[in-house]
Amino acid sequence: MEEAHLCVTLVPLFNHLGIAEQREINSLVTHQKFKKGEVILSPELSAQLTIVARGAMKVYQLSANGREQLLRVVEPGGYEGENLLFGAKNENLFGEALEDTEICRLKQSDFQDLLLKQPKLTLKLLAINAEKSNQVEQQTRFLMMEKVEERLATYLLDLYKVTKDPEVLIPMKMKELAAFLGTTPETLSRKFRLLEEEGLINRKGKHVHLADLEALEEID
DNA sequence: ACATTAAAAAGCA
DNA sequence: TGCTTTTTAATGT
């Protein structure tokens, strides 16, 4: 029994169930390991529930020009693909391992059987999905803002609101932040420099000091 | 205003 | 050092 890998117990969706049910679910699940950079989810292989047990998976879609639009980062306990299980044919949805990552997959038919047997699961799924659509709202709120400057300022202020500290640390690579904000690393770099020249921020790599919070709020 | 392309500079293992 | 990430500059949409 080398598998200390009851990923079912890690997942909010399942971990409120009794041990017997968890065992049953776990027996339906297949485990996979991915190395950093490997593709976990692609449009063809996505008719299954994918759970992150360890590591992190970024979920993104490709826009017309082939640029990626990052949607979210799924961390241990999170999952992706539940809407696909109900028939929503999300075409260009991809998932990639940000680091060495362990994944559990549940087949569509098995998952549907589970929901029939465990009505509690259906409610839990609904609740967790509601939170998820909130995050999607936040993302579309970024894309509705016209200027990159504005999106960047809003992002920095969001980090500040979380920590209450004007010394902020960008938690991802600039390349990924650019994708998150819907722009390129080049433009992002220029906007950072612009804000620095205007005296609104100081930056040393990924450490950013928010010098003028009020002015950042007013960008638009 | 921003993207794209190319290339230099800076970081990191 | 050799590879990856970030920045700078020139040019295109």
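Chain identifiers are assigned alphabetically (A, B, ...) following the order of the sequence lines, protein sequences preceding nucleic acid strands; residue numbering begins at 1 within each chain.
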Are a donor atom and an acceptor atom from the side chains of T50(A) and R105(A) found within less than 3.5 Å of each other?
yes
note: E197(A), atom CD; dT8(C), atom C1'; distance rounded to Å ~ 13 Å
For a quick test of reading the model: is some side-chain N or O of S189(A) closer than 4.0 Å to OP1 or OP2 of dT6(C)?
no
Chi angles and distances behind the side-chain contact (heavy atoms from CB on, under 4.5 Å) call for I25(A), L17(A):
CA-CA 10 Å; I25(A) 294 169; L17(A) 296 173; 3.6 Å; yes
One thing to verify: whether K117(A) and E21(A) come together as a salt bridge, which I'm taking to mean a side-chain N less than 4.0 angstrom from a carboxylate O.
no
Atom pair distance, as rounded to whole Å: CD in E149(A) and P in dC2(B)
7 Å
As a test of reading the structure: which of dT6(C), dC2(B), dA9(C) is closest to the side chain of V148(A), going by heavy atoms?
dC2(B)
Using whole Å, report how far NZ of K206(A) lies from C1' of dC12(B).
11 Å
Can you tell me how far P of dA9(C) sits from CZ of R193(A), to the nearest Å?
7 Å
Phosphate OP1/OP2 of dC2(B): any T184(A) side-chain N/O under 4.0 Å
no
Taking all non-hydrogen atoms of both residues into account, name the closest pair between Q139(A) and L70(A) and its distance.
NE2-O, 3.9 Å
Calculate the interatomic distance between L152(A) atom CG and dA1(B) atom P; express it in whole Å.
15 Å
Within this structure, what is the NZ-to-P distance between K173(A) and dC12(B), rounded to whole angstrom?
12 Å
Nucleotide nearest T187(A) when distance is taken to its side chain, options dT7(C), dA3(B), dA1(B)
dA3(B)
R203(A) side chain N/O closer than 4.0 Å to the phosphate oxygens (OP1, OP2) of dT7(C)?
yes
Measure CG/L188(A) against P/dT4(B) and give the value in whole Å, please.
15 Å
Separation of atom CD1 in I170(A) from atom P in dT6(C), rounded to whole Å:
11 Å
With hydrogens left out and only the distance checked, is there a donor-acceptor pair under 3.5 Å joining R190(A)'s side chain and the base of dA9(C)?
yes
Less than 4.5 Å apart, side chain to side chain, heavy atoms only: is that true for L157(A) and E217(A)?
yes
